[in-house]
K.L.:
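What follows is a structure written as structure tokens; I'll ask about it next.
The basis for the numbers below is simple: all heavy atoms, side chains too, and nothing from hydrogens, waters or symmetry mates. All values reported here derive from a predicted model rather than from experimental measurement.
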Amino acid sequence: MSFPFISAEEAAAQIHNGDTVATSGFTASGTPKIVPVALAERAKSYHEKGEPFKVNLYTGASTNDYVDGALSRAKAIGIRTPYQGTPDARAGVNNGEMDYYDPHLSHMAQDLRYGFMGDIDVAIIEVTEMNPSGEVVLGAGIGMTPTFAKLAKKVILEYSSYYQTSFRGFHDNYIPLDPPFRREIPIYKPSDRIGSTVIKIDPKKIIGVVPSNESESISAFTSLSDTTRAIGANVADFLASELKKGKLPKEFLPIQSGVGNIANAALYGLADHPGIPKFEMYTEVVQDAVMELMEKGKCSYASTCALAFSDDAMLHFMDKINFFRDKLLMRPAEITNHPEIVRRLGLIAMNTALECDIYGNVNSTHVNGTKMMNGIGGSADFCRNSYLSIFLCPSTQKNGALSTIVPMVSHIDHSEHSVKVIVTEQGVADLRNLSPIQKAHTIIENCVHPDYKQLMWDYLKIAKKGQTPHNLKAAFAMYNTFAETGDMRLTDFSKYA
């Protein structure tokens with residue numbers, strides 16, 4: 001059967017108040033662009049009449065302004081999961097306009113199939129190729145699309161002509177069997193293919209095709225700063241030292257890297273270090289740096305969930321697409337982040353922290369313990385199960401007025417039981433095989449900014465003795481000082497002694 005081409009407005013008219021809507025993609029890559037904006041306008045028209053209109057929004061991870069931005073500004077989201085990253089969505093979460101559920105990315109697709117999260121009424125899926133039998137080729141990101149397409153009652157396809165070619169051959173779509181029939185996932189190296197290059201959707205569920213010619217609208221990351229460059233160099237020096245000591249196999253191990261400027265700096269640090277060999281990646285996102293390192297011959301292969309390239313880099317990728325065909329593979333998030341695979345491959349996991357405490361606990365999600373930033377994403381999937389879990393952050397923020405190393409983090413996403421290494425521009429704290437007090441001494445000595453070192457030693461002096469020394473009256477004093485004065489350096493721990 002052939003599918004009718006319809007307008008974005010006609011597609012949005014198929015979505016009703018209270019529906020659960022799922023979108024393709026992961027980060028901005030592979031997300032629908034046209035229909036969500038039309039859906040936001042539909043919501044506004046209802047609100048102008050005084051009528052309710054909100055949908056529950058399930059995505060692969062963060063999206064972009066087309067999805068989270070437009071729908072958040074329209075006050076059109078009831079429940080949002082699993083990850084968001086636009087200013088408007090963040091504001092909606094923190095001011096109570098939408099309910100936000102923050103699961104691990106490796107868990108959500110199977111939780112949907114288990115029936116834990118209710119029905120999916122409509123899936124909006126970007127495709128770069130399709131045929132009348134319902135076989136589609138996705139775009140630059142997979143996310144949780146195979147499960148969304150399987151479970152959705154209705155499917156709207158956004159056919160993207162922006163790339164001027166199909167992404168056929170770059171996807172490895174695979175859904176594990178559910179218990180009690182689940183078997184091992186047969187991935188033994190990053191380049192192993194186990195699934196299909198296409199997704200087969202029941203043609204009877206496809207209600208129409210909406211043409212699109214919009215880019216992902218991903219901006220290039222900022223240039224490396226002295227701080228991010230130092231973090232990258234510290235990571236590379238540490239891993240080169242581990243290789244030399246025989247604590248890493250001489251063949252090296254696949255790299256997992258998070259998103260953002262610091263993650264890019266870490267990859268450039270590995271590329272520039274003469275003691276780091278050519279490496280592969282098994283990760284959830286590849287950014288501009290990875291494409292550059294492939295062209296330079298430093299990164300030989302990358303398994304990922306999305307090609308999160310800036311718009312200019314994506315055009316470059318499309319121009320040289322045949323060069324990358326044997327170097328890149330996209331998989332669903334529950335496979336890229338699956339604990340079984342992470343542990344089997346022995347990943348070196350590098351993720352960014354908002355803050356760490358002196359005992360090695362990491363906060364990735366909440367500012368001052370209450371305000372959601374983006375979400376936990378896949379960082380815990382990799383942290384808990386990797387060969388070596390490394391967290392990266394600058395030692396200070398706000399021009400030095402805020403220390404990212406504190407006595408006790410305001411929110412814990414990754415506990416000291418899982419965090420192996422912390423790196424700032426000041427240095428490296430290797431926390432393996434250390435007691436809590438030994439971890440505190442190592443972190444203070446190696447990672448804390450000089451402006452805050454004495455403060456941390458002062459805190460330890462007044463901490464109550466125990467396996468993990470703390471003074472609960474003083475544990476959050478630095479936050480209180482920042483709230484009152486705008487500068488954590490003004491904290492006085494002596495009054496708590």
K.L.:
Check the angle between the aromatic planes of Phe493 and Tyr496 and answer parallel, tilted or perpendicular using the 30° and 60° thresholds.
P.N.:
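Rings of Phe493 and Tyr496: tilted, as their planes differ by 30° to 60°.
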K.L.:
With a cut-off of 6.0 Å (strictly less than), are more than 12 heavy atoms of other residues, nucleotides or ligands near CG of Asp178?
P.N.:
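Yes, the 6.0 Å shell around CG holds more than 12 heavy atoms from other groups.
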K.L.:
Which residue pairs pass the side chain to side chain donor-acceptor pair (under 3.5 Å) test when at least one of the two sits in residues 274-285, sequence neighbours left out?
P.N.:
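For residues 274-285, and leaving out neighbouring residues, the side chain to side chain donor-acceptor pair (under 3.5 Å) pairs sorted by first residue read Glu284-Asn337.
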K.L.:
Can you give each donor-acceptor pair under 3.5 Å made by side-chain atoms of residues 249-258, sequence neighbours left out, with the distance rounded to 0.1 Å?
P.N.:
{"residue": "Gln256", "atom": "OE1", "partner": "Asn351", "partner atom": "ND2", "Å": "3.0"}
{"residue": "Gln256", "atom": "NE2", "partner": "Asn351", "partner atom": "OD1", "Å": "3.1"}

K.L.:
Among residues at least two apart in sequence or on other chains, which ones pass ring-ring contact (aromatic ring centres under 6.0 Å, His included) with Phe279?
P.N.:
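Partners of Phe279 by the ring-ring contact (aromatic ring centres under 6.0 Å, His included) criterion come out as none, since no residue qualifies.
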K.L.:
Does Tyr100 have any ring-ring contact (aromatic ring centres under 6.0 Å, His included) partners at least two apart in sequence or in another chain, and if so, which?
P.N.:
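By the ring-ring contact (aromatic ring centres under 6.0 Å, His included) rule, Tyr100 matches no residue at all.
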K.L.:
Would you confirm whether the ring centroid of Tyr359 sits within less than 6.0 angstrom of the ring centroid of His470?
P.N.:
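Centroid separation for His470 and Tyr359: below 6.0 Å.
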K.L.:
Between Lys298 and Asp272, does any NZ, NE, NH1 or NH2 come within less than 4.0 Å of an OD or OE carboxylate oxygen?
P.N.:
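Salt bridge flag = no for Lys298 with Asp272.
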K.L.:
My understanding is that only residues two or more places apart in sequence, or in another chain, count here; which of them pass side-chain hydrogen bond (donor to acceptor under 3.5 Å, both in side chains) with His171?
P.N.:
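None.
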K.L.:
Given the ring of Phe317, does Lys320 sit roughly above its face, with NZ or CZ under 6.0 Å from the centre of the six-membered ring and within 45° of the axis?
P.N.:
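Pair Lys320/Phe317 does not count as cation-pi.
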K.L.:
Just jot down the side-chain hydrogen bond (donor to acceptor under 3.5 Å, both in side chains) partners of Ser217, sequence neighbours excluded, or say none.
P.N.:
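For Ser217, the residues satisfying side-chain hydrogen bond (donor to acceptor under 3.5 Å, both in side chains) (neighbours in sequence not counted) are Tyr66.
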K.L.:
Classify the ring geometry between Phe476 and Tyr479 as parallel (under 30°), tilted (30 to 60°) or perpendicular (over 60°).
P.N.:
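It falls in the tilted class, 30° to 60°.
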K.L.:
Is any side-chain heavy atom of Glu216 less than 4.5 Å from a side-chain heavy atom of Thr31?
P.N.:
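They are in contact (side-chain heavy atoms under 4.5 Å apart), so the answer is yes.
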